[in-house]
Structures are given as structure tokens and as C-alpha cells.
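All chains are named by letter (A, B, ...) in the order of the sequence lines, taking the proteins before the strands, and each is independently numbered beginning at 1.
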Amino acid sequence: MATDLQVAPESEVPADQRIVNDFSIQVATVNGSGSQTANLVLLRSIFQMGIPVSGKNLFPSNIAGLPTWYTIRASRHGYIARKKEIDFLVAMNPETAREDVLSLEPGRAVVYDEPLKLNALRDDLIFYPVPFDKLVGEVTRDAKLRRLVRNMIYDGVLAALLNIDLQQMERALGRQLARKAKALVLNQGALELGFKYVDEHLEKRDPFWLEPMNETAGRLLIEGNAAAALGCMMAGVTVLAWYPITPSSSLCETLIDYLRKYRMDPETGKATFAAIQAEDEIAALGMVAGAGWAGARAMTSTSGPGISLMAEFTGLAYYAEIPAVIFDIQRVGPSTGLPTRTAQGDVAFCATLSHGDTKHLLLLPATVEECYTMAIEAFDLSERFQTPVFVLSDLDLGMNTWMARPLPYPERPLDRGKLLTEETLARMGEWGRYRDVDGDGIPYRTMPGQWGPGYFTRGSGHNAKAQYTERPDDYVHNLDRLARKFETARRHIPTPVVDIRDGAAIGIIAYGSSHVAVEESRDQLANEAELQTSYLRLRAFPFTPELGAFIDRHERVYVMEQNRDAQMQRLMRQELDAERSAKLRSVLHYNGLPVDARSVTDAVLVQEGLKAEAPPESPHGDVVSMVGGE
Amino acid sequence: MSSTAIPTPPKKTNRIGLEPQVYRGSKTTLCAGCGHNAISERIIDAFYEMGVDPRRVAKLSGIGCSSKSPAYFLGSSHGFNAVHGRMPSVATGALLANRELLGIGVSGDGDTGAIGIGQFVHLMRRNLPLIYIIEDNGCYGLTKGQFSPTADVGSRLKNGVVNDLPPIDTCALAIELGATFVARSFSGDKKQLLAILKAAVAHRGTSMIDVLSPCVTFNDHEGSTKSYAYVKDHDEPLGSLNFVPFFEDISVEYEAGTTTEVTLHDGSRLLLHKLDGKYDPTNKFEALRVLHETGARGEFATGLLYIEANKPDFIAMLNIVDEPLATLPLEKLRPPKAALDEIMEALT
Ligand SMILES: Cc1ncc(C[n+]2csc(CCOP(=O)(O)OP(=O)(O)O)c2C)c(N)n1
Ligand code: SF4
């Protein structure tokens, strides 16, 4: 095929000045222009070259026509957090091209659509003009197809400029368009044209260079929501009810695809699950509650606005003690907020969702692997503790493509929790649905239509026998038992991951998708400012004793989170004594973009007095002038 | 043992050998004379006579006086008193989790017609196999008498406020939305209500039954010596907040094809028109015509209004395995390692 084109590009940059496998590429296109295929092919071909890589989609809340950016980071060090600075820009969108170019730091490279004449804007960048429209005319005459394959040309251009093996790119393209033979041929043509154009018309002058490595062998590329969906399937989900909302829809949609493929009973061809698109989130959680009550492993997935609607049923499930798994793929709030931007803004709300004294178990996945394992854990915990369990993922983790180790097959059987047996009934004496037989606050349950006595489930006041009561002592007794149950849960939820660095005076605490940025930031702090830090990554709420112990070991502890109000820290302060609380400081990032290491590092250095406060909004800052959606 | 022992007379049991007592629930806490109690009684009779195993039954409800009533029948069944207006979703989840359950949902006219109208609409569309009863008193009982969306134009609150919004006809709505069994009855019409309930137990699909069910807090029209206001004024020791009047249950018997008038506790009148033998309940247009015509005359058409016996129910449409999802063993729930390997392979 195109192998004869595979020649190393001529380069003016001597080998010792090259920046190899350590830079970011940003492609600026228009939403709905079919750039996703080109971007994923680019990502995948770098991955196939063995180079650690991550891809992030920055898209508007809109179907077509608004600006969208895709950022790929290649990092030989294995850093996969967002990188703030863009090294290599592909400017395909006339609307944003000017601003995109102006935001670059000097010495960076720009591939652009020739008629945009971006080279006139600055003289401290390296420009590569490409006449995309002219080139696409050589691929096809069909106007509709031209629009679709136009983007593939920039992949060919980048392959030539960055030294991506064109064969890898064709392989990636083959995977992406596996069943679309005609599209495959057209796109291959576009790839080759882009590659050839560089060869014949451009001279490489930038230092950015990709070279094969061996760091991705055995790894896969997957989105957090897909990993969570696989976890739900392996956890044996039987009823799933959901209502579409970005960025959670892909979780249930992917899950349904997998269930249809892998969870049809081989003997009868019938489904071992029920999936329903509910009329709204209230109904979705109502169905989950009904199903959980009747013994199904039931779940829903949603995002902030849906969580708001679920408050009443969450309280019911908490008080009536019904298992329910709720994935909250967080996006920016309050209200509709920025529907396609990421945040960790639902933490405090979910922890105590609903009125009265309620508190909930939260799981906090930080990686796609944990999206998978915690999905399985969520079902076990919710049945063990007969209570809602929230899995707090976010848009960055859920909808972006991440490298991952193969997801492990779960060896543990399902934990169905305390189902009443004859022995327990004998031990209990008289049946009581809410009786604390074992002193751990967890009662025994029976399921309608199965063995064991019936009882009446209600969200109104009830005693140990599940009878209606308004007696003050019954109420207190029940509420105290629920608190005891929550204490028991503390010993069963995932513990934090702690990395103590000897002699470090400073500790960092983070959770969820901040993790990758914090890991990189710790290296930056050590290398740039000789600041050694220890690290505690929270994986669940409520907190476990490791938290207090970690704070005790350090003089100052920075809590990194992606919200304005330091929500997790607020939860911590509720549990910690004054001495420990006094050690806590905040690093907050809440502009809707995934947090990057530089921001964390700078914030810590400023607070440590090792760096001056940054001047307000530099022109090289983040892309923030997005056109809004809803 | 002595041969002269007098054998104890055989206890009355149903076809599965259970006594009527098994079908009773706890003592009602609703007002004496409340129509909801009469409905509970008929449910007890119907389930006993049909020989339904109470352990197979899931009772569900929303919030309201009506929604309390599942506690007062089938005491050994599992029950779920959910949140206001949202019983349909809970019932949906429960019946999907265990398709062997016989679901009976009890709601109020406020619970269904106001806060719960959205879930009601979608329940009717789905044809979930569930007996759905609206205990319809035209008001909010539990929150003390506000209008519900089924209140008739011209009806009055205790404070004299007149309702001038048209009522929602839940039966017409249900038929329009595709419900497969729609009936209306009156809590005091023992024979008709029992027959409808028994038919509902036999129906596979949603059985929507709107039961007109008088509330004694209506009893405050002026001039009545039994009115709420009158009794309250003449019964000093009772605080007004806790005061609940006592009334006899209303009962009524009338022939098919005839119209009868029922006087409620407040002196207001209900005109009930019983459908006759010539009525064809399989004709949707006919059902809607009758509802509109009787409605225009100020009457309530009672009886089985509409039935569509062969429409697949929601569970059938979902093509779920025959055994309850709730109890499927791990082997059926977790795909083998080879499946995960295959998925992982596709992602590398
Ligand atoms: C979300 C919510 N809003 C309001 C209420 C208060 N509330 C309790 S029962 C009820 C009305 C019940 O009326 P209906 O369904 O007609 O039943 P009835 O009591 O008349 O039998 C209301 C508004 C509630 N429990 N929950
Ligand atoms: S207030 Fe009305 S609806 Fe409620 S129990 Fe009393 S009579 Fe029945």
C-alpha cells in the first residue's frame, strides 16, 4: 500500500535538539465535522508505536458547527494528565484559528489550512500551510465525502512531520473503520495525500519528533465509562434504568451493547437482564429502588442534574435500606452548568443527598481500571450494606480515552449481603426486618416472592419489625443503628493509596481524575524545587483511619480537588479534630478543563512561598473563550 | 383416641387451602367510613377467592391515605410504601427483578393525577403486568382536603373555595395511552368491584381500576347535622386538628344498565351508570364515547370499560429469561473469562 512513501522526513533540526516523545498536539476543528475518526487514528497510531499517550476531547454542548479541540499528549515518562501548553497545533477551524495561534508559546508548530494565512499573525512560530480543500479534491469529487475525509489529510501530514509510521496509521485506521470498506479506501487515500504533500512541499523545522518505544505493550485504550460498563456486566447487573445525560449516557449505552452480546442465555436466547430507558431520572432511580428491593442487582448512571432529581428516592433507599448503585459522571454545575466540561462538584451533595440525616457511601475511581473494579465493588457494597452507593466519576475520566492494563477477571463471587436464613431467623427469635442481630448495624432482609417472611417497606418512621411508628425512642434507635451501619462500612470500603516519601514535610491528598496530574506534579515539585511530597489518594467516603495518620505525619497537607468550594476538605473537617484540620490547605481547579500538573505545582509552590503569585490570565493560558451550548 | 370424639367442622379455605384470615392485613388507621377501607376488603375477598398465594404478591403504593391501605390487606405479603406519585417506577423495577410476582399498586387521585401523572402515563404505555388501583376521592385526604386533579368542576373546599378546573378522567387517559384493562367502580359496590378485581387478577398486563372512594372529610356541607363542621362545633372536647368524624361505610347495589344515585357523607351526590351486557369492552372508540357521554351527563360509567387481552406485556417485550432475575446464579450473570479476554483483545 503506502509503504513506499515511508521515508523519514528531512529535518533542519539536528538530532540532539529534538524533543522526542514528549509533547502535546492539539487539533482544532468544528463539531460534527467527522474529526473524531482522524483524532482517534492519530492517538491510536502513537499508542501502537509504544509511546505512552492520552487523548482528551474538548467539545461544546452542541451537535454541529461549534469549535471543538482534541488534545493528544505523548509522554515517554508516562504522564497522561492534560498538559497545559500546546506544542503542536493543527488549526482547521477558521472561527478559533486566530486565537488558537495567539495562545501558543514561542517556538511551537502550527499546521494550518492555507487560506487562513495564519503565518501572518506571528513570527516566533513554525508554520506549515496545507491546502486541504485542494488536496481533498484529489480524493473524491463527492461534496459530502470530501467533508468527511478532509480531516484524514491532517493525519497524513502529521505522520510525515512527526515521524509516525504510516503503516501504524493505516492499521489504526483499519481498526477504526473495520466494517466500512469504501470509507477505508477513501480515508487511506487522504492519509497518503497528506503524507506526500509534506514530502514534496514542506520542510520540517520544528523539534517535535516521535520514535518507537516499548511502553504500551499489553496495554489497551478505553474510556472510563466503557470500563465502568464492563464492571457492571461482570458484577452481574440485572436491572439497569437510565435517562440520557452527558457525560453519563455512554456508560449505559455501552453496557447495553455488551449485555446484548454477552448476557443472553445460551439455552433460550433470552436476556438475563432488563434495561430500560426511563422517563426521567426520578423514575430511573425509582426503578432501581424497586428492583433492588425485589432482589435485583440494579443500577443507574447520571450526572449532576439527574442527581438533583434523585434526591427523594436516594433518601428512601437510605432509610428503607435498599441497595442501589448510582454512577455520577460529574460535569460542571451548578444547574445546567457547562454540560460538556469536567468537574468534581457533586461530592458534598452526594455524600448527604436527600433531606434529614442521611449519609452515603461514595467510591472515587481515579483510573479506568478503577472505574471497572469499583463498579464491581459498588454492587457488593450496596447489597452488603443495603444502601445506595455512589460511584463518582467525571467527564474527563468517563468520556476520554485512556491507556489501561487489561481489566482483570473478577474471581470473587457476588456478595449478596445478609439474606435471611432459617438459622438467622432462629437466632433472631421473632422476625424483624430492621433488627440489629450482629451488632454491626446491618439487618437481615428477605425478598418478595422468595423464602422468608414478608414485611412492609416504608420511608416513614419504622421500628425494628418494620412497623409504622412515631415513637421517639424507636426513631432514635433506628437512626443510631443506621449510623452504626455506616461505621461498619468504614471498615469495608476501599482504603486510600498512600505513598510516604521519607522526610517529606508536605502531604498531598487528591481523588478521582486529579490523580494523574498530582502524580506528575509531585515529580515537578521534586525536580524543580526539590520539594519532596507524600501522597494519599482517597478512594472512598467515609474516611478511614489512614487519613488522620497521614495528616499527622506531615506539617502541611494540600487537598487537591476540582471544585470551587473545597468540598472534600469540608467533609474532612467535619470528621477531623482542630489540630488536623489546621494542617489542611487547598489546591482547587474548576475552570471545566481537566486539571494539569503545572497548575497543581504552581499552586503548591505559591502557597509554599517558593514562587510568586501568577499574573492574572496570561495570553498563553488555557483556551477559555468557548462558545457555550445550552 | 376415643371414637366418639366430635370432629371439628372443616375450616373454610380457598383452592390453595388458605383461610380468609391469611388475606387480612393490620388494623386500618384510616377514618371509619373511608371508602379506601371498603376497597381493601374487596381486595382481600378477590385474592382469597382467586386463590392467590400472598407470598407471591408484591403490594406497592405511593403516599396518601390511599397509599397506606396496602398495610391493611395481605399482611404476609411484601409491601412497599414508596414516595408520593412515584410508585409506578418502583413497581416497574420490582416486577422486572422478579417476573413471578403478582403486583398490586394502590394510589390516590392526587398521587396519580398530580405529582405522579408523568409516571402514570408511562406505566400505561408500558403495559407492565400490574393491578393499578386509584382510590379516587377527588381530594387530598392525608394533607387535609385540598383539591385533587379529579375533583369535579363546582365542588367546594371546606373554606368555600370552588374548583373551576376540569377534572382529569384517568380512565379515558389510560385507554388513550394504551392500557389493556381499564375499569371504573365505586367502593361501596361490593359485587361489581369484586368482579372487576378478580378479572384484574386474571389479566396479564396493566389493569387500571379507578375506584370512586368517598372521603369523610368531605362531610362539611352546610346544614348537615353530620357535617364535619357541625360535629366539630358540637363536640367540645376534641381538638380541631385531631378531630376525625365517624361514618358508616356507604354501600350500593344496582342493576347493570341502570343509573343510580349515591349520597356521600357530605350530602353531595354521585351518579353511577353501570354498563350493561350489550356493551363491548374491546372497542376502544366505544369506551371513549361512553366516557365522554356519561361525563357530559354528570355520570360516572362503571364496569369494565376497556380490555385488550392479547397485547404483549412489558416483560414479554423485554424478552427476559423465565426465571426471576433476582435469583439468577453467578454462572448466568458473569460472562466467562473468554468473553472478557475477547473484549480486551478488541481494545488493544
Ligand atoms: C414530594 C411530596 N410532596 C407532598 C407530599 C405531601 N402529601 C402527602 S399525601 C398527599 C396527597 C395525597 O392525596 P391522594 O393521593 O389523593 O390520596 P388520599 O390521601 O386522598 O387518599 C400529599 C400532597 C409528600 N408526601 N411528598
Ligand atoms: S381523610 Fe379521607 S381519605 Fe383519608 S382516611 Fe379519612 S376519609 Fe379516608
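At distances below 3.5 Å, not a single donor-acceptor pair connects side-chain atoms of Arg334(B) with backbone N or O atoms of Gly236(A).
Note on Gly290(A), Ala404(A), Gly295(A): by heavy-atom pairs under 4.5 Å with chain B, the leading option is Gly290(A). Note: Glu312(A) leads Gln450(A), Gln467(A), Glu312(A), Met233(A) in heavy-atom pairs under 4.5 Å with chain B. Interface summary for chain B: among Arg416(A), Met403(A), Arg263(A), the most heavy-atom pairs under 4.5 angstrom belong to Arg263(A). Ranked by heavy-atom pairs under 4.5 Å with chain B, the first of Phe313(A), Tyr455(A), Tyr409(A) is Tyr409(A). By number of non-hydrogen pairs under 4.5 angstrom with chain A, the leading residue of Lys68(B), Arg56(B), His84(B), Arg126(B) is Arg126(B). Considering only heavy-atom pairs separated by less than 4.5 Å from chain A, the leading option among Gly79(B), Ala326(B), Pro324(B) is Gly79(B). Chosen from Ala291(A), Pro448(A), Ala294(A), the residue pairing most often with chain B at heavy-atom distances under 4.5 Å is Pro448(A). In terms of heavy-atom pairs under 4.5 angstrom with chain B, the leader among Ala275(A), Pro413(A), Pro410(A), Ala278(A) is Pro410(A).
Glu345(B) touches chain A through its backbone: at least one of N, CA, C or O sits under 4.5 Å from a heavy atom, while the side chain does not. If you measure heavy-atom distances from Arg44(A) to chain B, the contacts under 4.5 Å come from the side chain alone. At a 4.5 Å heavy-atom cutoff, the contact between Leu328(B) and chain A is made by side-chain atoms alone. If you measure heavy-atom distances from Thr446(A) to chain B, the contacts under 4.5 Å come from both the backbone and the side chain. Using a 4.5 Å cut-off between heavy atoms, Leu285(A) makes no contact with chain B at all. If you measure heavy-atom distances from Met264(A) to chain B, the contacts under 4.5 Å come from the side chain alone. Using a 4.5 Å cut-off between heavy atoms, Thr268(A) touches chain B through its side chain atoms alone. For Val288(A), no part lies near chain B; criterion is any non-hydrogen pair under 4.5 Å. The parts of Ala274(A) that come within reach of chain B are both its backbone and its side chain, each placing non-hydrogen atoms under 4.5 angstrom from that chain. For Leu60(B), the part lying near chain A is the side chain, with the backbone staying farther off; criterion is any non-hydrogen pair under 4.5 Å. Looking at Leu230(A), the atoms closer than 4.5 Å to chain B (heavy atoms on both sides) all sit in the side chain, from C-beta outward. Contacts of Ala466(A) with chain B are absent, with no heavy-atom separation under 4.5 Å from either backbone or side chain. Contact annotation for Pro408(A): only backbone heavy atoms (N, CA, C, O) come within less than 4.5 Å of a heavy atom of chain B. Contacts between Ala241(A) and chain B at a heavy-atom distance below 4.5 Å are absent for every atom of the residue.
Proximity to chain A among residues 117-125 of chain B is limited to Gly118(B), Gln119(B), His122(B), judged by heavy-atom separations below 4.5 angstrom. Contact residues of residues 86-104 of chain B toward chain A are Arg86(B), Ser89(B), Val90(B), Thr92(B), Gly93(B), Ala94(B), Leu96(B), Ala97(B), Asn98(B), Leu101(B) (heavy-atom distance under 4.5 Å). Interface with chain B: from residues 218-225 of chain A, residues Arg219(A), Leu220(A), Leu221(A), Ile222(A) qualify, criterion being any non-hydrogen pair under 4.5 Å.
Tyr444(A) is linked by a ring pair (Phe, Tyr, Trp, His ring centres under 6.0 Å) to nothing, counting only residues two or more places apart in sequence or in another chain.
The 12-atom threshold is exceeded at CD of Gln176(A), counting heavy atoms of other residues, nucleotides or ligands nearer than 6.0 Å.
A distance of 3.5 Å separates OH of Tyr262(A) from CD of Glu342(B), quoted to the nearest 0.5 Å. Note that OH of Tyr372(A) and CG of Leu340(B) are 4.5 Å apart. Values are rounded to the nearest 0.5 Å. Distance OG1/Thr327(B) to CE/Met447(A): 8.5 Å, rounded to 0.5 Å. With rounding to the nearest 0.5 Å, the separation of NZ in Lys270(A) from CG in Leu318(B) is 11.5 Å. With rounding to the nearest 0.5 angstrom, the CG atom of Leu407(A) is 9.0 Å from the CD1 atom of Ile343(B). To the nearest 0.5 Å, atoms CD1 (Ile63(B)) and CZ (Arg458(A)) are separated by 10.0 Å.
With a 4.5 Å cut-off on side-chain heavy atoms, Asn81(B) and Tyr468(A) do not count as touching. Using a 4.5 Å heavy-atom threshold, the side chains of Thr457(A) and His78(B) count as separate.
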Inset, instruction - I would like to know whether Arg297(A) and Leu325(B) meet side-chain contact (heavy atoms from CB on, under 4.5 Å); could you show each step before the answer? - result: CA-CA 9 Å; Arg297(A) 296 208 126 192; Leu325(B) 293 177; over 6 Å; no
